[in-house]
J.: 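This is the structure I have questions about; it appears just below.
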Amino acid sequence: MRRIGVLILLCFALGLWLDSPTRGSEITALKIRNKVFEPESNNLSYELWNESDRTITAWRLSLARSDPHGHAQRSMLDQDFFDLEGSDSRDVTGPLAPGLNTTGRWRLDVGEEGSAPRALSLKVIAVIFEDASWQGEQQAAESILAAREARIEEIGGVLSTLESEGRRIRSRQDWMATLKQHANQLRRRAEDPDQLGAGRREVAAQLSATRQELAQWLDDAGNEIALAPNPMEAVGHLKGELKRRYDVGMR
């Protein structure tokens with residue numbers, strides 16, 4: 001089954017930055033190395049290294065850039081891996097254990113030809129550890145954790161749906177139609193601003209993205225159940241997978 005997405009990118013004009021960050025602790029755990037910008041392709045690549053003795057489960061990066069025309073932009077990249085297993089690889093996509101690294105790559109939208117960034121800065125502004133403690137800007141850390149909480153609640157909602165629907169025996173086609181119906185409901189909620197709350201924009205964006213991902217997950221689940229020799233056994237497997245992620249998030 002496809003993994004629920006964990007990435008969200010938000011961009012703002014520097015002069016219109018609405019949320020004044022609250023300063024917190026100095027970030028010593030996560031370091032950026034080998035940052036390279038390729039003007040021909042507008043690609044920015046970098047490595048992130050965990051230099052602490054604790055596993056890192058989430059971070060926020062801030063990218064500031066300006067072009068020769070005086071236009072300035074600031075972007076945020078949030079990555080949260082709270083519900084994934086760690087990895088022994090030296091290049092991982094998941095929680096970052098002590099001493100490990102991961103690579104990142106952005107393709108920058110620079111507008112007109114010849115308007116490559118004149119100045120470019122990339123820095124870590126918040127890091128979340130396995131126990132939900134953090135380093136960096138307090139407001140950034142709190143918004144990451146709030147987005148995580150919203151995501152956990154959505155996962156729990158889908159898990160509750162599977163448990164409720166699984167109480168009666170039904171045909172494979174009935175299962176597929178039922179899950180696709182719930183998927184469509186999630187997509188409508190993901191696109192309705194009134195269903196996303198009035199809190200921080202990055203939390204609302206994560207909530208919308210999570211609903212879209214879970215809707216696709218339900219569609220895929222319906223397709224798998226429709227082909228399964230034993231649909232009830234397939235439903236049990238799907239519930240187990242989703243419950244593991246929910247339990248990890250609750251911890």
Side-chain angles (χ1 to χ4, degrees), residues 1-10 57-58 60 77-87 93-95 128 130 132 142-251:
M1 183 57 63
R2 287 79 180 162
R3 170 163 64 83
I4 297 170
V6 292
L7 175 67
I8 185 166
L9 177 65
L10 304 172
T57 61
R60 174 173 293 177
L77 177 66
D78 283 8
Q79 290 187 284
D80 190 352
F81 305 103
F82 78 88
D83 65 344
L84 301 180
E85 299 291 340
S87 172
T93 303
I128 308 294
E130 200 168 26
E142 288 176 348
S143 69
I144 292 173
L145 292 172
R148 177 183 292 186
E149 182 179 359
R151 184 171 168 228
I152 293 168
E153 289 179 357
E154 289 299 311
I155 293 174
V158 173
L159 177 60
S160 178
T161 294
L162 284 176
E163 290 177 339
S164 175
E165 297 291 354
R167 289 174 184 157
R168 70 181 182 89
I169 298 175
R170 62 184 75 204
S171 69
R172 296 180 181 84
Q173 294 304 314
D174 189 13
W175 262 115
M176 183 170 67
T178 298
L179 294 186
K180 288 185 179 298
Q181 179 183 7
H182 286 295
N184 290 332
Q185 291 172 352
L186 275 173
R187 288 193 178 94
R188 287 194 293 271
R189 292 174 59 215
E191 297 168 358
D192 184 354
D194 293 335
Q195 295 288 321
L196 297 175
R200 294 178 174 136
R201 288 169 296 171
E202 58 264 44
V203 176
Q206 176 68 88
L207 187 56
S208 177
T210 297
R211 287 172 178 169
Q212 293 282 6
E213 295 284 352
L214 285 168
Q216 186 60 53
W217 191 91
L218 286 172
D219 276 339
D220 292 343
N223 293 334
E224 290 187 18
I225 291 172
L227 299 175
N230 186 332
M232 295 304 294
E233 183 178 320
V235 171
H237 173 74
L238 294 170
K239 285 194 297 184
E241 179 183 340
L242 209 58
K243 189 175 188 305
R244 179 190 65 80
R245 292 177 180 169
Y246 179 75
D247 289 344
V248 170
M250 292 300 291
R251 288 199 298 269

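Numbers here are sequence positions counted from 1.
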J.: Is the closest side-chain heavy-atom distance between E224 and H237 below 4.5 Å?
T.: no
J.: Nearest 0.5 Å please: distance from the CD atom of Q216 over to the CG atom of L186.
T.: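 Q216 CD to L186 CG: 11.5 Å, rounded to 0.5 Å.
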J.: Working to the nearest 0.5 Å, report the span between CD of Q185 and CZ of R189.
T.: 8.5 Å
J.: Is any side-chain heavy atom of L238 closer than 4.5 Å to one of L242?
T.: no
J.: Could you tell me the separation between the CG atom of L214 and the NE2 atom of H182, rounded to the nearest 0.5 Å?
T.: 13.0 Å
J.: Tell me whether S208 contacts the main-chain N or O of A190 through its side chain, where contact means a donor paired with an acceptor under 3.5 Å.
T.: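 Looks like yes, one N/O pair under 3.5 Å.
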J.: Within the 4.5 Å heavy-atom criterion, are K180 and N223 side-chain neighbours or not?
T.: yes
J.: Who pairs with D192 by side chain to side chain donor-acceptor pair (under 3.5 Å), at least two apart in sequence or on another chain?
T.: none
J.: R245 side chain to I152 main-chain N or O, any donor-acceptor pair under 3.5 Å?
T.: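 A pair under 3.5 Å: no.
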J.: Please report the closest heavy-atom contact between R172 and P229, naming both atoms and the distance.
T.: NH2-O, 2.7 Å
J.: Got a second to check how far L207's CG is from E149's CD, nearest 0.5 Å?
T.: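 One gets 11.0 Å once the value is rounded to the nearest 0.5 Å.
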J.: Between CD of Q79 and CD1 of I144, what distance do you get to the nearest 0.5 Å?
T.: 10.5 Å
J.: Please find the pair of heavy atoms, one from A150 and one from V203, that lie closest to each other, and give the distance.
T.: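 The answer is CB-CG1, 4.4 Å.
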J.: Given side chains that start at C-beta, do those of W175 and M232 come closer than 4.5 Å, heavy atoms only?
T.: yes
J.: Hey, does R148 have a side-chain heavy atom less than 4.5 Å from the side chain of R151?
T.: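 No, their side chains stay 4.5 Å or more apart.
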J.: Quick one: closest heavy-atom pair of A132 and L145, and the distance?
T.: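 The answer is O-CD1, 3.9 Å.
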J.: Donor-acceptor check, side chain of R170 to backbone of P231, threshold 3.5 angstrom: yes or no?
T.: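 Not a single qualifying donor-acceptor pair exists.
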J.: Just by distance, no angles: are the side chains of Q206 and T210 close enough, under 3.5 Å, to form a donor-acceptor pair?
T.: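 Yes, T210 and Q206 have a side-chain donor paired with an acceptor closer than 3.5 Å.
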J.: Can you name the residues that form a salt bridge (Lys or Arg N to Asp or Glu O under 4.0 Å) with E233, not counting sequence neighbours?
T.: none
J.: Only distances under 3.5 Å count here; give the side-chain donor-acceptor pairs of residues 156-164 to other protein atoms, sequence neighbours excluded, each with its distance to 0.1 Å.
T.:
| from | atom 1 | to | atom 2 | distance (Å) |
| --- | --- | --- | --- | --- |
| T161 | OG1 | G157 | O | 3.1 |

J.: Is any side-chain heavy atom of I225 closer than 4.5 Å to a side-chain heavy atom of M176?
T.: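 With C-beta onward as the side chain, the pair stays apart.
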J.: Given side chains that start at C-beta, do those of R187 and R211 come closer than 4.5 Å, heavy atoms only?
T.: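 When only atoms from C-beta onward are counted, R211 and R187 do not touch, as no gap falls below 4.5 Å.
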